[in-house]
Amino acid sequence: MALDGPAERRDEAQAAMGNGNGVAPPPLRPAGRPSGAPAFADRRLRLNPNMEHKPQDYSDVRGEYAPAVYSALERHLPPSVLDANREIKLQLMREVLGHYWPHGERNKVQRHREYRQRILNHYKPLHKELYKMRPSLFFLPTFLEAIRTNTEESFRSIMTEPVPGVYSFAMLQPNFCEMLLQEVENFEKWVHTMKFKIMRPNTMNKYGAVLDDFGLEVMLNQFMEQFIAPMSTVLYPEVGGGTLDTHHAFVVEYGKDRDVELGFHVDDSEVTLNVCLGKQFSGGELYFRGIRCENHVNSETQHEEMLDYSHAPGRAVLHRGRHRHGARPTSSGLRINLLLWCRREMKKYQKDFSGWCGECKREKKERQIHAVKATKLAFLRGAGGATI
């Protein structure tokens, strides 16, 4: 089956940090480096992070980069630098980030930080209990038990896997879904009253809100680390499911006077959680069309990769960000979904995608089949020659 159109990259509206793995450092030390800082010209970042190293705490650091960026990058520093004091490491990491993150992109991120801070200074939450992690209030008992047991068997016992790599399971308490819907509605009314510009979740959705912008970032980071990462460690090890360290969380809205459908795309994430919050609606099915790397994102879909998934309030679907998908039109009512894009700030440089890209797998299998045939043919020709 050929695709209807090219898949889009569903990027954030705000700029994201570029890839910082395995890169050569800047050749010269810029002016202003503290005396005693290690020479940087002859050093390279580690290609693979040192997972045995415990990064220092950067939660008090303010500026262009989130503390999680420094914590992730510190694991990639050369061994000789890891024992240096924090200020030296911080300066070195800022130089690396400054070299590989364009000034214009940094300005965009800084403007978004200032935008978010203005909201946090003035917005009054409707449901304060949403802003701290309360597992028994948020999650169903069956889901919590699977997380507590923390085995592949416990996860799969609550899940269905209609096609490889797409998992569906009951997750959220009805009361949590209702409170979150009310909080989002309250925020949107406040934005309208204050005549404040709302930043939409990404370039494809024209409605919805970024949850981190009005104070839910800490809770949602715990949501990812404590309840998504354990599953993705087991289910998606090939895309670093066990090393997720940042997120982008938002709600999307579909229906009359909202977005109606969503085009075929891949997400800007390693792992995506998509949970329907409500309300009453018909239509709006998700359709999945196989996992692809960047080189094969617009390749044809194989029949066994096709899936249409119907939403139900409180029920989650978990998939790789590179799993191509879209949303069919919501024909009536209003559908609102919670999306959590789970990411790694410091992505491992990867050339071989045959472990997860469907088309890479198919091409690799074809090469293996041809190689076996060629070997057999060569053997038969050799055997025939020996007989003669």
Side-chain angles (χ1 to χ4, degrees), residues 16-17 19-22 45-59 66-77 79 82 133 135 138-139 143-159 161 164-169 171 217-249 266-275 291-293 316-323 339-358 360-361:
M17 192 186 83
N19 191 333
N21 288 303
L45 297 179
R46 292 171 58 99
L47 180 62
N48 298 311
N50 180 353
M51 300 309 295
E52 296 180 358
H53 174 72
K54 184 178 180 181
Q56 292 187 252
D57 182 13
Y58 296 99
S59 59
V69 175
Y70 295 116
S71 296
L73 181 54
E74 184 176 325
R75 295 182 186 273
H76 290 263
L77 294 179
L82 290 180
M133 175 52 66
F138 295 176
F139 303 110
F143 175 75
L144 288 176
E145 179 60 23
I147 294 296
R148 185 193 67 79
T149 307
N150 195 24
T151 64
E152 182 172 359
E153 291 74 22
S154 69
F155 299 146
R156 291 187 179 275
S157 70
I158 64 169
M159 296 175 167
E161 188 181 10
V166 176
Y167 301 93
S168 176
F169 50 96
M171 184 182 200
E217 181 178 13
V218 173
M219 184 276 285
L220 289 165
N221 201 55
Q222 293 174 327
F223 193 120
M224 178 189 72
E225 291 179 345
Q226 299 175 20
F227 300 97
I228 306 304
M231 294 187 293
S232 62
T233 299
V234 172
L235 303 175
Y236 306 116
E238 68 284 354
V239 293
T243 57
L244 304 174
D245 53 23
T246 60
H247 72 269
H248 176 50
V266 294
D267 293 340
D268 186 16
S269 69
E270 272 64 65
V271 177
T272 293
L273 178 78
N274 186 340
V275 194
I291 309 160
R292 296 292 188 273
C293 65
V317 60
L318 189 71
H319 61 87
R320 296 175 183 85
R322 297 295 311 185
H323 207 133
L339 276 295
L340 192 64
W341 286 355
C342 304
R343 299 163 164 165
R344 292 173 296 152
E345 280 289 0
M346 303 305 298
K347 297 180 182 180
K348 181 179 178 181
Y349 184 70
Q350 189 174 15
K351 293 182 178 180
D352 181 12
F353 303 100
S354 59
W356 54 267
C357 172
C360 284
K361 284 182 178 180

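- Using a 4.5 Å cut-off on side-chain heavy atoms (C-beta onward), I147 and F139 make no contact.
- A heavy-atom distance below 4.5 Å is not found between the side chains of H248 and D268.
- From L273, atom CG reaches atom CG of L318 across 6.0 Å, with rounding to the nearest 0.5 Å.
- Closest heavy-atom contact between Q226 and P230: O-CG, 3.4 Å.
- No side-chain donor-acceptor contact under 3.5 Å links T149 to the backbone of A146.
- Taking NZ of K54 as the start and CG of L82 as the end, the distance is 14.5 Å to the nearest 0.5 Å.
- Using a 30° and 60° split on the angle between ring planes, Y167 and Y236 fall in the perpendicular class, above 60°.
- Between T246 and R344 there is no side-chain heavy-atom pair separated by less than 4.5 Å.
- When side chains are defined from C-beta on, F155 counts as touching N150, because their heavy atoms get closer than 4.5 Å.
- By the 4.5 Å heavy-atom criterion applied to side chains, R75 and M51 are counted as neighbours.
- The shortest distance between side-chain heavy atoms of F227 and L144 falls below 4.5 Å.
- Taking 4.5 Å as the limit, every side-chain heavy atom of H53 sits out of range of all side-chain heavy atoms of P79.
- Although no hydrogens or angles enter the test, the distance criterion places a donor-acceptor pair under 3.5 Å between the side chain of S157 and the main chain of S154.
- In this structure, OG1 in T233 is found 7.0 Å from CG in L244, a value given to the nearest 0.5 Å.
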After noting the C-alpha distance and the side-chain angles of S71 and D245, does the key distance pass the side-chain contact (heavy atoms from CB on, under 4.5 Å) rule? CA-CA 9 Å; S71 296; D245 53 23; over 6 Å; no
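- Contact check for V275 versus L340: no side-chain heavy atoms found under the 4.5 Å cut-off.
- With D267 as the fixed residue, the side chain to side chain contact (heavy atoms under 4.5 Å, CB included) test singles out one of R343, H319, R320: H319.
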Could you walk me through whether M171 and I158 pass the side-chain contact (heavy atoms from CB on, under 4.5 Å) test, one step at a time? CA-CA 9 Å; M171 184 182 200; I158 64 169; over 6 Å; no
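- At distances below 3.5 Å, not a single donor-acceptor pair connects side-chain atoms of H247 with backbone N or O atoms of W341.
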